[in-house]
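See structure below.
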Amino acid sequence: MPLASHAPPPPRMAQGKRLLMDAAVRLARRLSGAHAVSLRELAREAGLNHNTFYRHFSSQEALLEEIVTDFGTQLREGLRQARMEASSLDELTASVVGWTLDFALAHQDVFIVAMRERYGPPGPIRDAVEGMLSQLQDDMLRELQMRQALPPLPESTLRPMLAILIDHTFKLCFEHIEAPQARAQRLLMAKALFDTLVLGSMARQAVSSARPIAI
């Protein structure tokens with residue numbers, strides 16, 4: 001059974017601004033990318049006059065950056081709650097990954113658009129997505145250490161492991177959007193990867209510490 005979703009509601013903002021953001025996400029998913037959306041198409045999808053756009057955004061890039069920021073805020077807060085509310089360390093992966101799968105399914109348009117932009121052309125939108133992922137990694141490191149869910153390894157060892165876990169979780173999210181019925185298997189895969197990476201990192205650190213110092 002899916003975990004109860006505790007994603008925070010979208011921050012309150014002007015109705016026109018929210019309508020434009022939601023319309024941009026819907027169009028960007030249907031079209032080849034966010035940059036393929038014209039202002040007239042956007043206004044028509046949002047049910048607004050096209051002149052309304054510049055009351056809320058200085059450019060299309062500013063609109064897309066706002067979408068990424070809004071998405072990242074909800075994602076980070078939901079993940080923080082999922083980590084803190086897990087009843088035990090054994091349940092931590094299921095709580096966090098389960099919440100992420102449910103969140104992606106409920107917000108699949110913006111999820112797909114944000115991750116697509118990550119691999120799009122260089123520019124402020126890709127930078128914004130990469131910045132969001134970097135913040136997710138910072139949160140993950142701090143909160144897992146707080147719960148003593150990570151081994152006492154150097155940050156330089158832990159961060160690559162966390163990057164792999166984040167990338168794998170988002171891959172599972174894409175699969176979940178296409179086939180949500182396989183949720184339980186994805187949670188097992190996520191737990192197996194976490195355990196494997198932790199053990200591998202510990203073994204690597206032990207080997208590195210045991211090497212003789214060259215003179």
Side-chain angles (χ1 to χ4, degrees), residues 2-12 64-107 110-111 113-115 117-119 124-174 176 183 186-209:
L3 298 169
S5 175
H6 42 58
R12 293 181 63 84
L64 295 171
E65 288 183 47
E66 181 78 13
I67 290 170
V68 173
T69 299
D70 182 64
F71 173 62
T73 297
Q74 295 183 63
L75 189 57
R76 291 177 68 195
E77 177 58 23
L79 288 170
R80 184 191 68 79
Q81 291 185 37
R83 291 188 192 104
M84 295 301 106
E85 293 174 4
S87 58
S88 67
L89 295 184
D90 285 341
E91 295 298 320
L92 191 56
T93 299
S95 177
V96 172
V97 177
W99 181 86
T100 310
L101 295 177
D102 296 342
F103 182 81
L105 191 61
H107 302 81
V110 66
F111 185 91
V113 170
M115 292 302 105
E117 290 298 319
R118 182 187 182 190
Y119 300 103
I125 310 309
R126 192 170 80 176
D127 291 344
V129 174
E130 289 294 346
M132 179 192 71
L133 294 174
S134 179
Q135 289 177 325
L136 291 178
Q137 188 183 117
D138 291 342
D139 294 345
M140 192 174 183
L141 177 63
R142 181 179 64 255
E143 292 161 10
L144 290 183
Q145 287 178 327
M146 186 184 305
R147 291 216 57 175
Q148 298 182 322
L150 292 174
L153 297 173
E155 188 173 318
S156 59
T157 300
L158 292 174
R159 281 193 176 275
M161 181 185 80
L162 298 182
I164 293 171
L165 288 170
I166 290 171
D167 283 347
H168 185 257
T169 300
F170 284 127
K171 176 179 178 292
L172 292 179
C173 286
F174 277 111
H176 192 63
R183 186 179 187 277
R186 294 189 181 102
L187 295 182
L188 292 175
M189 290 171 60
K191 182 67 166 64
L193 179 63
F194 180 83
D195 292 344
T196 299
L197 289 174
V198 167
L199 290 173
S201 297
M202 293 173 66
R204 181 180 178 185
Q205 184 67 23
V207 169
S208 178
S209 301

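Ionic pairing of Asp195 and Lys191 is present here: one or more N-O contacts between side-chain nitrogen and carboxylate oxygen are shorter than 4.0 angstrom.
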* Going through the checks in order, is the side chain to side chain contact (heavy atoms under 4.5 Å, CB included) test met by Leu92 and Leu144? -> CA-CA 9 Å; Leu92 191 56; Leu144 290 183; 3.3 Å; yes

* To do: Any chance you could lay out the side chain to side chain contact (heavy atoms under 4.5 Å, CB included) test for Leu133 and Phe170, step after step, and finish with the verdict?
  => CA-CA 11 Å; Leu133 294 174; Phe170 284 127; 3.3 Å; yes

* **Candidate pair Ile67 and Ile125, rule side chain to side chain contact (heavy atoms under 4.5 Å, CB included), full reasoning** => CA-CA 10 Å; Ile67 290 170; Ile125 310 309; over 6 Å; no

* To do: Check the pair Asp139 / Leu79 against side chain to side chain contact (heavy atoms under 4.5 Å, CB included), numbers first and verdict last.
  => CA-CA 9 Å; Asp139 294 345; Leu79 288 170; over 6 Å; no

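For the pair Asp102/His176, a side-chain contact is recorded, criterion being any heavy-atom separation below 4.5 Å from C-beta on. Under the 4.5 Å side-chain criterion, counting only non-hydrogen atoms from C-beta, Leu165 is in contact with Met140. Between Leu101 and Leu187, the closest side-chain pair of non-hydrogen atoms falls below 4.5 Å. At a threshold of 4.5 Å between non-hydrogen side-chain atoms, the residues Ser95 and Glu85 do not count as touching. Two residues are said to be in side-chain contact when any heavy atoms from C-beta on lie closer than 4.5 Å; Met132 and Arg76 fail this criterion. At least one side-chain heavy atom of Ile166 sits less than 4.5 Å from a side-chain heavy atom of Gln137.
For Thr196 (side chain) and Ala192 (main-chain N/O), a donor-acceptor pair under 3.5 Å exists by modelled atom type.
Between Ala149 and Leu89 the shortest heavy-atom distance is CB-CD2, 3.9 Å. Shown here for Thr100 and Cys173, the closest heavy-atom pair between the two residues is CG2-SG, 3.6 Å. Trp99 and Gly78 make their closest contact through CZ2-CA, 3.4 Å (heavy atoms, listed as atom of the first residue, atom of the second, distance). Of all non-hydrogen atoms in Val97 and Ala190, the two that sit nearest each other are CG2-CB, 3.8 Å.
Shown here is Arg204, whose CZ atom has no more than 12 heavy atoms of other residues, nucleotides or ligands within 6.0 Å. Heavy atoms from other residues, nucleotides or ligands lying under 6.0 Å from CE of Met84 number more than 12.
To the nearest 0.5 Å, atoms CG (Leu64) and OG1 (Thr69) are separated by 10.5 Å. A distance of 11.0 Å separates CD in Glu117 from CD in Glu65, rounded to the nearest 0.5 Å. Atom OG1 of Thr157 and atom CD of Gln205 lie 4.5 Å apart (nearest 0.5 Å). Expressed to the nearest 0.5 Å, how far CZ of Arg80 lies from CD of Glu77 amounts to 4.0 Å.
Residues passing the side-chain hydrogen bond (donor to acceptor under 3.5 Å, both in side chains) test with Glu130 are Arg118, sequence neighbours excluded.
Considering Thr169, Leu150, Val96 as possible partners of Phe194, the one that fulfils the side-chain contact (heavy atoms from CB on, under 4.5 Å) test is Leu150.
Residue pairs meeting the salt bridge (Lys or Arg N to Asp or Glu O under 4.0 Å) criterion with at least one member in residues 144-160, sequence neighbours excluded: Asp138-Arg159, Glu155-Arg159.
Residues Phe103 and His107 bring their aromatic ring centres within 6.0 Å.
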